Amino acid sequence: MSKILQAIRGMNDILPENIATWQFIETSFRKLMNQYAYAEIRMPIVEKTELFKRSIGEVTDIVEKEMYTFDDRNGDSLTLRPEGTACCVRACLQNGLLYNQQQRLWYMGPMFRHERPQKGRYRQFQQMGVETFGMSGPDIDVELIAMIARFWRMIGIENDVRLEINSLGTSASRKAYKSLLVEYLTQHKDKLDDDSLRRLETNPLRVLDSKNPALKEIIANAPKLLDHLDIESEQYFKNLCAQLDTLNIQYIINTSLVRGLDYYSQTVFEWVTDTLGAQGTVCAGGRYDGLVEQLGGKATTAIGFAMGVERLVSMVEQSVNTIRANTPAIYVIVVGEKAQQTVFPLIEAVRDVQPAISILVNCDGGSFKSQMKRADKSGAAYAFIMGEDEVAENKVCIKNLRENVAQQKMTKEELIKFIEENFKN
């Protein structure tokens, strides 16, 4: 016997028994995007490696260690996308979506990073994201944050997340701050871990993002970027906070919250939770006004966010009542050859009238008793029974599987009327 092949480590199947929560989250996100009039965009899973080297940066963990990169048959270096923002910017530039235009876009799909698999972190993972372009004021920042807050309420986890925000200022103020930070960290160089020492040389702001408990005091005492903002950035951040206050959106100003890449500016934010252990960030976003220009376009203001679906699934499963997998409303029991020849025209006629109803027809035969067991196990509310007697009478027998009421026999017309009355769209 051949050995059964296994899925690649960190790339998981999502089984029918678990899919209901996924569908609930994805459907809720689509409804949310429709509420805010955002347009969907779908980008390829594979992009040129250069896209991520130019956007994320060659001296980052993602590019150096985590990307799935390979040469195709033409010798071109290609990469499975590790994130969606760079792909979205590339798509907008290539298709002329940014020329004198504002864009509000969303996407959903798989991303790939070669990390150590653990709860909430996988090598193939699903993200939902939003990217907006051409709006420079804090009002669009507020809209995105309000949108996410609404989403938490939609999926029932609003009490399990908290919002942390910070400002990175302009590139000029951040450059001046970076010099102060390097000077400070150099004084404590003997206490920094290897990762922080490397970041000190390549990306010093990311040292503030370290999760090493031994560096907690050093990071807490580091100079704060928020204290070194230019006047314009300071007013921008005050405006943002004031608008969040009017919406009663609670937030914590986290001065250690950073994005270490040069194209980020002004607002950065994260929604974090204590329910998932170490993987506490469930949504991260920020303004990246420099990225479009960095990828060859004209200077364009932009802000977006992304959230990992696996982490949301875990949270919903923990905090919300069990979401049942899609169960049929009706299970059709078919007994006898004549019934098998008659059942499908009838059921297709019912689907024509009520397309939203889920109907499961028993196939491959079986005794009446075994089919009744399947009907009950399916979770359906009703069983429609068609046997030799029903065919002769040109009727269908209706049995309520969840209440102890008498069975009824109905004609096709009576059946359709029954469905219209009992199954509202």
Side-chain angles (χ1 to χ4, degrees), residues 24-25 28-29 31-33 35-36 38 104 106 120 127-132 135-169 205 208-211 216 219-220 222 224-229 233-259 264-288 303-321:
F24 167 67
I25 291 171
S28 298
F29 193 75
K31 289 179 179 177
L32 180 78
M33 294 299 104
Q35 283 184 309
Y36 285 80
Y38 279 52
R104 289 173 162 96
W106 70 272
Q127 273 192 352
M128 302 184 298
V130 162
E131 314 294 348
T132 68
M135 291 159 276
S136 59
D139 46 358
I140 186 64
D141 307 22
V142 174
E143 179 174 278
L144 294 193
I145 292 172
M147 172 193 293
I148 301 166
R150 181 176 296 276
F151 184 59
W152 302 149
R153 296 194 296 273
M154 290 173 70
I155 64 175
I157 63 170
E158 68 272 21
N159 295 324
D160 299 320
V161 291
R162 64 182 180 275
L163 171 62
E164 298 183 355
I165 61 174
N166 194 20
S167 175
L168 299 181
L205 266 68
L208 301 177
D209 202 29
S210 173
K211 302 301 187 289
K216 187 174 181 180
I219 293 172
K224 306 294 187 287
L225 177 53
L226 209 59
D227 297 331
H228 296 83
L229 296 180
S233 299
E234 188 176 339
Q235 186 57 47
Y236 188 106
F237 191 62
K238 285 181 178 178
N239 193 335
L240 169 67
C241 293
Q243 291 192 57
L244 293 179
D245 291 338
T246 64
L247 291 170
N248 294 317
I249 295 177
Q250 302 297 313
Y251 57 87
I252 298 168
I253 297 176
N254 179 358
T255 55
S256 296
L257 179 59
V258 298
R259 295 286 186 273
Y264 279 103
S265 62
Q266 306 294 7
T267 308
V268 289
F269 60 87
E270 288 185 359
W271 295 82
V272 296
T273 183
D274 297 321
T275 66
L276 297 178
Q279 305 305 321
T281 301
V282 293
C283 176
R287 182 168 280 281
Y288 50 94
I303 183 172
F305 67 80
M307 54 183 71
V309 182
E310 283 84 356
R311 297 180 188 182
L312 297 181
V313 168
S314 295
M315 292 184 69
V316 169
E317 288 176 343
Q318 290 176 28
S319 62
V320 181
N321 291 333

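Please read these numbers as outputs of a predicted model, since none were measured by experiment.
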Inset, instruction - In sequence, state the C-alpha distance, the side-chain angles, and the governing distance for I165 and L257, and then conclude on side-chain contact (heavy atoms from CB on, under 4.5 Å). - result: CA-CA 7 Å; I165 61 174; L257 179 59; 5.5 Å; no

Inset, instruction - Decide whether Q243 and N239 meet the rule of one side-chain donor and one side-chain acceptor closer than 3.5 Å. - result: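 Distance-only check passes for Q243 and N239.
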
Inset, instruction - In sequence, state the C-alpha distance, the side-chain angles, and the governing distance for L163 and I145, and then conclude on side-chain contact (heavy atoms from CB on, under 4.5 Å). - result: CA-CA 9 Å; L163 171 62; I145 292 172; 3.6 Å; yes

Just verifying a value: how many Å separate [X] [atom1] and [Y] [atom2], rounded to the nearest 0.5 Å?
X: E143; Y: L247; atom1: CD; atom2: CG; answer: 11.0 Å
X: M315; Y: T275; atom1: CE; atom2: OG1; answer: 4.0 Å
X: S28; Y: M33; atom1: OG; atom2: CE; answer: 11.0 Å
X: Q266; Y: N166; atom1: CD; atom2: CG; answer: 11.0 Å
X: I219; Y: T255; atom1: CD1; atom2: OG1; answer: 10.5 Å

Which heavy atom of [X] sits nearest a heavy atom of [Y], and at what distance?
X: S167; Y: L225; result: O-CD2, 3.6 Å
X: C241; Y: Y251; result: CB-OH, 3.2 Å
X: E270; Y: A284; result: CG-CB, 3.9 Å
X: I140; Y: I303; result: CG2-CG2, 3.9 Å
X: L144; Y: Y38; result: CD2-OH, 3.4 Å
X: G137; Y: R287; result: O-NH2, 3.4 Å

Inset, instruction - Output yes when a side-chain donor or acceptor of T132 lies under 3.5 Å from a complementary backbone atom of R104, and no otherwise. - result: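 Between the backbone of R104 and the side chain of T132 there is no qualifying donor-acceptor contact (under 3.5 Å).
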
Inset, instruction - Check whether any side-chain N or O of N254 sits under 3.5 Å from a backbone N or O of E164 as a donor-acceptor pair, and report yes or no. - result: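 No, the answer is negative, given that no donor and acceptor are paired below the 3.5 Å cut-off.
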
Inset, instruction - Just grab all the side chain to side chain donor-acceptor pair (under 3.5 Å) pairs involving residues 304-316, residues at least two apart or on different chains. - result: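 Those involving residues 304-316 are Q279-R311.
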
Inset, instruction - Answer yes if the ring centres of F29 and W106 are under 6.0 angstrom apart, and no otherwise. - result: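 Under 6.0 Å, so yes.
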
Legend entry - Stepwise side-chain contact (heavy atoms from CB on, under 4.5 Å) test for F269 and D141: CA-CA 10 Å; F269 60 87; D141 307 22; over 6 Å; no

Inset, instruction - Find out whether L312 and C283 are in side-chain contact, i.e. whether some heavy atom of one side chain is under 4.5 Å from a heavy atom of the other. - result: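 No, side chains not in contact.
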
Inset, instruction - Could you please spell out the steps behind the side-chain contact (heavy atoms from CB on, under 4.5 Å) verdict for M307 and V282? - result: CA-CA 6 Å; M307 54 183 71; V282 293; 5.9 Å; no

Could you list the donor-acceptor pairs under 3.5 angstrom formed between side-chain atoms of residues 146-161 and any protein atom two or more places apart in sequence or on another chain?
unit_1 : atom_1 : unit_2 : atom_2 : d
R150   : NE     : Y36    : OH     : 3.2

